[in-house]
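Here's the structure, in structure tokens; my notes come after.
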Amino acid sequence: MPHDAASWACPHGQDARRGCVACYEESVSPDPALPFWEVAAWFTTERPIPIRTLQDVHHHGRRFALDQPSTPLVYLLTGHARAHDSVEAIAGVIGFLLHNRHVVANFTVTETRAAPQSPPKTSTTRQTDVWLDDRRGG
């Protein structure tokens, strides 16, 4: 992952950690030749996100999940993206929040993670369960 501010710029010049609606919109019909990424972004909000909204994101159909690990006002957004690199993948997944301002009005990303993956096979396990197990060490 990049360490300086300039290397966090997505192809549209946005800071990936703040999201990019254009990267998100481009991910709707991605080039299947692009690498496949699993992305996780932990973020905080000023107000709680309603439980119903958290559940609705799971039904989004684009393999996004929004969960509240256990700390008030801290959330975990996970998703899949096809992108040239990890910065673009992160910008697109966080761009989901910008594109859906009715889900989260204001947020601050505190941590991100992107890992190249093979495209997933059909699974009944929620992606956030996998990320949370990774954070716990097992």
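Nothing fancy with the numbering, it's 1 onward along the sequence. Heavy atoms only: backbone and side chains are in, while hydrogens, waters and symmetry mates are out. What you see is a predicted model, and the numbers here were worked out from it, not measured in a lab.
Legend: residues meeting side chain to side chain contact (heavy atoms under 4.5 Å, CB included) with Ile49, ordered by chain and number and at least two apart, are Phe43, Thr45, Thr53, Leu54, Leu66, Tyr75, Val104. Qualifying side chain to side chain contact (heavy atoms under 4.5 Å, CB included) partners for Pro11, counting only residues two or more places apart in sequence or in other chains: Cys23, Glu88. Take Thr44 and apply the side chain to side chain contact (heavy atoms under 4.5 Å, CB included) test, not counting sequence neighbours, and it matches Val74, Thr108, Thr110.
Residue Leu98 holds its CG atom at 10.5 Å from CD of Glu25, rounded to the nearest 0.5 Å. Between the CH2 atom of Trp42 and the OG1 atom of Thr71 there is a distance of 12.5 Å, given to the nearest 0.5 Å.
Pairing each heavy atom of Ala16 with each of Val87, the nearest pair is CB-O, 3.4 Å. Counting all heavy atoms, side chain and backbone alike, Cys20 lies closest to His12 at SG-ND1, 3.5 Å. The shortest heavy-atom contact between Thr78 and Ala40 is CG2-CB, 4.0 Å. His80 and Val93 get closest at one heavy-atom pair: O-CG2, 4.5 Å.
Residue-environment remark: CZ (Arg47) stays at or below the threshold of 12 foreign heavy atoms within 6.0 Å.
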Subject >> Leu77 vs Phe96, side chain to side chain contact (heavy atoms under 4.5 Å, CB included): CA-CA, chis, key distance, verdict >> reply: CA-CA 9 Å; Leu77 172 65; Phe96 166 78; 4.1 Å; yes
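Side-chain atoms of Arg18 and Ile94, non-hydrogen and from C-beta on, never get closer than 4.5 Å to each other.
Hydrophobic clustering of Ile, Leu, Val, Met, Phe, Trp and Tyr side chains at less than 4.5 Å, counting indirect connections, keeps Tyr24 apart from Leu34.
A donor-acceptor contact shorter than 3.5 Å links the side chain of Trp37 to the backbone of Ala83.
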